[in-house]
Amino acid sequence: MPHFGAISAPLSTAGAARFQIRLHETKENLTGNEVRKMFLKFFEERGHRVVRSSSLVPTNDPTLLFTNAGMNQFKDVFLGLEQRDYKRATSCQKCVRAGGKHNDLENVGFTNRHHTFFEMLGNFSFGDYFKEQAIAYAMELVTSTNWYGIPLEKLYFTVFGGAEVSGTQLPVDSEAATYWEKVGAPKDRIIAVPGLKENFWAMGDTGPCGPCSEIYYDMGAAASDQDHADCKFGCDCGRYVEIWNLVFMQFNRLPAVTGDASGTLDPLPKPSVDTGAGLERLAAILQGKISNFDTDLFKPLINKAKWLCGKEDVEGMDTASLASLRIIADHSRAATFLISDGVIPSNEGRGYVLRKIIRRALVHANDLKAPRPFLSAMAVAVRAQMKEAYPELEEHTTRVARVLDEEEDRFTRTVDAGLKKLDEEIAPLIATERKNPAESPVLAGDKAFKLYDTYGLPVDFITDVLRDQGLRLDMAGFDHAMEEQRTRAKASWKGVHKESANPAYAKLAETYKTEPDFYFGTAARDCRIEAIVTKQGSVNEIKKGTEAEIVLDRTSIYSESGGQVADTGGLYDKSESLEVAEIRGAYYPVTGLIAHRIVAKEDLHVGDRVATFADPARRERNMRNHTATHLMNAALRNILGTHVKQSGSLVAPDHLRFDFSHFAAVESSEMIEIEQQVNEEIRKDLEIRTDIMNIDDALASGALAFFGDKYPEANVRVVTIPDDSSPLGFFSKELCGGTHVVRTGAIGVFKIVAEQSTAAGVRRIEAITGDRALAEYQRALTTLRAAAGMLNASEAQLIPALERQIEQIKALEKQLEGLKRKAAGSQAEELLDSVREIKGTRVLAAQVTGASRETLREMVDSLREKLGSGVVVLASAEDGKVALIAAVTKDLTQKLHAGKIVQELAKQVGGSGGGKPDLAEAGGKDTSAIESALRSIYPLLDRLL
RNA sequence: GGGCGUGUAGCUCAGUUGGGAGAGCGCCUCGUUCGCAACGAGGAGGCCGCCGGUUCGAGCCCGGCCACGUCCA
């Protein structure tokens, strides 16, 4: 990790002074909020729909960690998979780039323009206007004195300079160049950049792609990180800054056909436009600042951090502290927004990235001696700054503070434990340094890595402590250990392979689609067998007794989806009197196509007319549990908060399981409240409504979506449980393809049976309903009655009666222990009579009856004490085994070892043993040899003494 | 998904080739005090995470599982 040294160039004292220089005079000094508003207003006036920023957690895209561009939410529109009622849109999108492919985390704070959280302004054309119009808009907004009014002489324009794409040689985008010239760009300021890296954009290996065109701004020599006095455009020293990227989606790249090395490039019938301009950069330019951190978007945050840390003097601030302030400002924004969008710190995925951001901010807060709690105080400043544009921030105020404080506490605990370990690690190093002060000892890289890897101690803390102690860290060794960790993780990842659907289905899906009839009942008549698939692939017929999968044109068998398990049932002939196959389940091998897992009871052929019957009792149970799941989801959000988001679900006939994001265990009082609320809705016997609508309208109406699921673009199914007494007019509304009861009353009763954690920040609740819940109550009550009966108590008195019993048992146990001790004591007294002397040492060897190891130990203890000086050996038979114990008084342990003695004796009873010099135990199997073994102690000691 | 680490009294933790479950803080009772803090004396409180194996004997060794922490992906 590059440390503060890396920032010396851009943040030198001379550099700090330069921040005050105004780069140019604009018409007015626009605030960041005004820059954002003006952008949206410009495009709104030109027929664009102003679309709200989507969540930082991408909805339908599991490949993407966080939303990182304005076009993310329009991806399906560009792909033609989704229709909207507008063709022009504009947005200001919140974005995070940290972790994953675009990772700016390490750079933040040390440069002028890297952020983990930033806002991207953009305008979009979905098959409407194209290059000419997009370029004209961009030029007008940027240069017109009615708008941003940036002087033309500060700007450069790049266009795609040609390259080979999938085997096709694409020429220079002279079209774009012409349009720039037409709107006033000087010819010598239009630069063609060849290659795919800078000015060609693609959504993926296939799909839409096309050339880009970018606007650059010349910040002047003062902005050069390398103190260039007179470098030309194209220099990457920081002087020339990209402010707006226009993407022209012009082609559709098709998948490579087998045998052909590359896919082909087809022109899109309706070319589209996607643009992106970083708000922070625009604000910096319009406010005449070189660094984004000097704009009014960051200044209030930096000042707040400074104020919190009691560091008012800007002048005397060193470069490291400046960088820390910038990092804190940036990370506070990222953390506040991520938590508001439902991300919770954890040890994997998105949550882990958030944790890293928070902890990195805390490391720098620590450098500045920040007070605690720190980040929740910063979140207040973030909210004040951003709530106008993102009103949702205010909804989550208390939760954001709570999550941040909790994570801060957790981090403190981790660091404290880590520092303790570090002290243990460096103690010997300090000792050697004392002996030989000339050389400074080195902490081995692998040891430091272990502190970081296992105990989570940040490297900065390690280096700080070492520096204070005059020690060095073996950084190369540390990096090496880190590299090994990476390769291990990567190697294990390769083992995962995605099971792809039987290729037969992909082909079928082009021709057929299964009509889902399961919403209307459990029977579907006059269905046609469209395909039969076995392990060998698609076949025309199967014999009786064969296991196979079949595809029908319609079916009443619910197919596993959205957590609800599949129906089981039977496949009947046309007359519905003969069961021709058992249906064991059904699933979607590809979208829209249902495969039934069957075992044939008769011969089956493609084209046969059949009927499907689902098991009605099983279906009924599934429906109850599914509707109950919706009720519980709503109740969880009502009681725990709207941060509760479904992260998994199982709807089975015998129970339901629901995973959701929540930062703590659900308390029993909350659990009771949840049960009560759900059961109340059940008793209201509400009629459930299902509507088909497009996804936008559904989400706009407040329907919840499960992000792990993929929803169709247009006709989504919305399941509503209405409730007039609820402020929203409904109790629950969710996007859902499952089957539900007609009225909530059918659920009967809802009971939670388990609550646990599945991962950090994720809780799991299991519950039962209807007949299953009744059975559970009956079983529990039967047990309770039986228990009460055994104690001769009423059910209400069961607990106090049990408490009394336990108390009594304890008292008796204690009494018994006392008696045993007494008995052992008196037995010991008698044994004292059998003491013999061997060469002046007193020896006591005896067999004790009915003594456990515990009592043997106690006896041997008291005997040793009474003897004053000598050897005690006791033996006893217990459960057919021999227990031996030997004790030697302290004054004799130099000459005699109890362990050795007991070992000798144990051999004779078919066992072994050992122990400490003063006390040893052994065991054996031959109880008949106890006597002789005990007698052998005397000659043995005679030898040893 | 993979690696490393940790689960012992209410809390923080110690427990050394496998052989008597401990400390500090907290809690209760008594004493001292007008009372509190402090102090003194006594006491309660443990399936040593769970399951299996090795062993005469496992908190300790081996295997599996669970929970938590942490890093990598």
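The chains referred to below are lettered A, B, ... by the order of the sequence lines, with proteins before strands, and numbering in each begins at 1. Source: prediction; values computed, not measured.
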Exercise for the section: In whole angstrom, give me the gap between the C1' atoms of B/C13 and B/C71. Expected result: 25 Å
Practice task
Would you classify A/Arg359 as touching base, sugar-phosphate or nothing, given that sugar-phosphate means primed atoms plus P, OP1 and OP2, and contacts are heavy atoms under 4.0 Å?
Solution key: sugar-phosphate
Practice task
Spell out, as yes or no, whether a donor-acceptor pair under 3.5 Å connects the side chain of A/Asn107 to the backbone of A/His114.
Solution key: no
Completion exercise
On RNA chain B, more 5' by nearest nucleotide between A/Gly911 and A/Phe411 is A/Gly911
Problem - Distance-only donor-acceptor test (3.5 Å): side chain A/Asp453, base B/G5 - result: no
Exercise for the section: Output the single nucleotide from B/U70, B/G69, B/A21 whose closest atom is nearest the side chain of A/Arg355. Expected result: B/U70
Handout entry: Rounded distance (Å) that lies between atom C1' of B/U70 and atom CD1 of A/Ile462
Key = 13 Å
Completion exercise
Picking from B/A21, B/C56, B/C4, the nucleotide nearest the side-chain atoms of A/Thr454 would be B/C4
Exercise for the section: Look at A/Thr414 and B/G69 and indicate whether a side-chain polar atom (N or O) is within less than 4.0 Å of OP1 or OP2. Expected result: no
Practice task
State plainly whether the residues A/Arg467 and A/Asp464 are in salt-bridge range, i.e. N to O under 4.0 Å.
Solution key: yes
Problem - Residue A/Arg410, side-chain atoms from C-beta onward, closest of B/C68, B/G5, B/G2 - result: B/C68
Practice task
Go through the N and O atoms of the side chain of A/Ser912 and the base of B/C56, and report whether any donor-acceptor pair is under 3.5 Å.
Solution key: yes
Handout entry: Nearest-Å distance once atom C1' is located in both B/G18 and B/A58
Key = 6 Å
Practice task
Look at A/Lys881 and B/G57 and indicate whether a side-chain polar atom (N or O) is within less than 4.0 Å of OP1 or OP2.
Solution key: yes
Exercise for the section: Please state the C1' separation for the pair B/C36 and B/G69 - nearest whole angstrom. Expected result: 41 Å
Completion exercise
Comparing A/Gly456 with A/Lys916, nearest RNA chain B nucleotide closer to 5' gives the residue A/Lys916
Exercise for the section: Using a 4.0 Å heavy-atom cut-off across all strands, classify A/Gly915 as base, sugar-phosphate, or nothing. Expected result: base
Completion exercise
Checking N1-N3 plus N6-O4 or O6-N4 for Watson-Crick, or N1-O2 and O6-N3 for wobble, each under 3.5 Å, the partner of B/U16 is none
Completion exercise
The Watson-Crick or G-U wobble partner of B/U54, with both key distances under 3.5 Å, is none
Practice task
Please answer whether the main-chain N or O of A/Val57 pairs with a side-chain N or O of A/Arg350 as donor and acceptor at a distance below 3.5 Å.
Solution key: no
Practice task
Scan every strand shown for a Watson-Crick or G-U wobble partner of B/U29, both distances under 3.5 Å, and answer none if you come up empty.
Solution key: B/A41
Handout entry: Base paired to B/U70 (Watson-Crick or G-U; both N/O distances under 3.5 angstrom)
Key = B/G3
Handout entry: B/C48 - base-pair partner by Watson-Crick or wobble geometry, distances under 3.5 Å
Key = none
Practice task
Starting at atom NZ of A/Lys450, determine the distance to atom C1' of B/G69, rounded to an integer number of angstrom.
Solution key: 14 Å
Problem - Backbone of A/Asn68 reached by a side-chain donor or acceptor of A/Arg97 within 3.5 Å - result: yes
Handout entry: Inter-nucleotide C1' distance (B/G15, B/G24), Å rounded
Key = 15 Å
Exercise for the section: Please state whether the rings of A/Phe449 and A/Phe478 are parallel, tilted or perpendicular, taking 30° and 60° as the class boundaries. Expected result: perpendicular
Handout entry: Span that lies between the P atom of B/U54 and that of B/G22, in whole angstrom
Key = 29 Å
Problem - Residue from A/Ile462, A/Thr463, A/Asp474 passing side chain to side chain contact (heavy atoms under 4.5 Å, CB included) with A/Leu443 - result: A/Ile462
Problem - Whole-Å gap separating P (B/U70) and CD1 (A/Ile358) - result: 12 Å
Exercise for the section: Indicate whether OP1 or OP2 belonging to B/A73 is found under 4.0 Å from a side-chain N or O atom of A/Arg486. Expected result: yes
Handout entry: Test: A/Arg935 and A/Glu931 ion pair at under 4.0 Å
Key = yes
Exercise for the section: Please measure how far the P atom in B/C68 lies from the corresponding atom in B/U29, and state the result in whole Å. Expected result: 37 Å
Fill in the blank from the handout: Separation of B/A73 atom P from A/Glu483 atom CD, nearest Å, is 9 Å
Problem - Length of the OH-C1' vector between A/Tyr455 and B/C4, whole Å - result: 9 Å
Practice task
Could you state the atom-to-atom distance from CZ of A/Phe461 to C1' of B/C71 in whole Å?
Solution key: 16 Å
Practice task
Once you apply the 3.5 Å cut-off to both distances, tell me the Watson-Crick or G-U wobble partner of B/A9, or none.
Solution key: none
Fill in the blank from the handout: In whole angstroms, the gap separating C1' of B/U70 from CG of A/Leu457 amounts to 11 Å
Exercise for the section: Please measure how far the P atom in B/C56 lies from the corresponding atom in B/A14, and state the result in whole Å. Expected result: 32 Å
Practice task
Would you indicate what A/Ala922 reaches in the nucleic acid, counting non-hydrogen atoms under 4.0 angstrom: base, sugar-phosphate, or nothing?
Solution key: base
Handout entry: Integer angstrom distance from the C1' of B/A21 to that of B/U8
Key = 8 Å
Handout entry: Rounded distance (Å) that lies between atom P of B/U70 and atom CZ of A/Phe449
Key = 15 Å
Handout entry: Main-chain N/O of A/Pro458 paired with A/Arg359 side-chain donor or acceptor, under 3.5 Å
Key = no
